[in-house]
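Written out below as structure tokens is the structure these notes cover.
Just so it is clear, the values below take in all heavy atoms, side chains as well, and ignore hydrogens, waters and symmetry mates. All values reported here derive from a predicted model rather than from experimental measurement.
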Amino acid sequence: IPRVAPLAKAGVPVYCLHGDEDTLVPLEANSLALAEAYWVHGGWMTLVIHQGQGHNMWPMWFRDQTLVDFMIMNLTNELSAPL
């Protein structure tokens, strides 16, 4: 988290899914702290918090429409960027 400034300033988009009941990797000290640091440095980060989920293999982690949209948008941006 202390090293996010260069990534944020470079415009690297970040997407994070996190369960609000994750006790192995607590939301506040990890994904939420990362998002706050990223935004402070001017970066664009999407943080999706799934209610009632912990650190598990819930099938909806991979069926999240915002994740699909994020991937499509950033792939499109990457492909249209000049070399």
Checking side-chain contact (heavy atoms from CB on, under 4.5 Å) for the pair L7/V14: CA distance, chi angles, key distance, verdict? CA-CA 9 Å; L7 293 173; V14 174; 5.9 Å; no

Show me the side-chain donor-acceptor pairs of residues 40-48 shorter than 3.5 Å, one per line, residues at least two apart or across chains.
none

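- Pairing each heavy atom of D64 with each of Y15, the nearest pair is OD1-OH, 3.1 Å.
- E21 and G52 get closest at one heavy-atom pair: OE2-CA, 3.5 Å.
- Contact of the V68 side chain with the I72 side chain is registered, since non-hydrogen atoms from C-beta on lie closer than 4.5 Å.
- In this structure Q65 satisfies the side chain to side chain donor-acceptor pair (under 3.5 Å) test together with D69, sequence neighbours excluded.
- The closest side-chain heavy-atom distance from T23 to H55 is not below 4.5 Å.
- Here the straight-line distance linking atom CZ of R63 with atom CG of L67 works out to 13.0 Å at 0.5 Å rounding.
- Counting all heavy atoms, side chain and backbone alike, H18 lies closest to V25 at NE2-O, 2.7 Å.
- Expressed to the nearest 0.5 Å, how far CG of D22 lies from CG of L17 amounts to 12.0 Å.
- When the side chain to side chain donor-acceptor pair (under 3.5 Å) test is applied to D20, no partner is found at least two apart in sequence or on another chain.
- By the 4.5 Å heavy-atom criterion applied to side chains, Y38 and V12 are counted as neighbours.
- The shortest non-hydrogen separation linking A29 to I1 is O-CD1, 3.9 Å.
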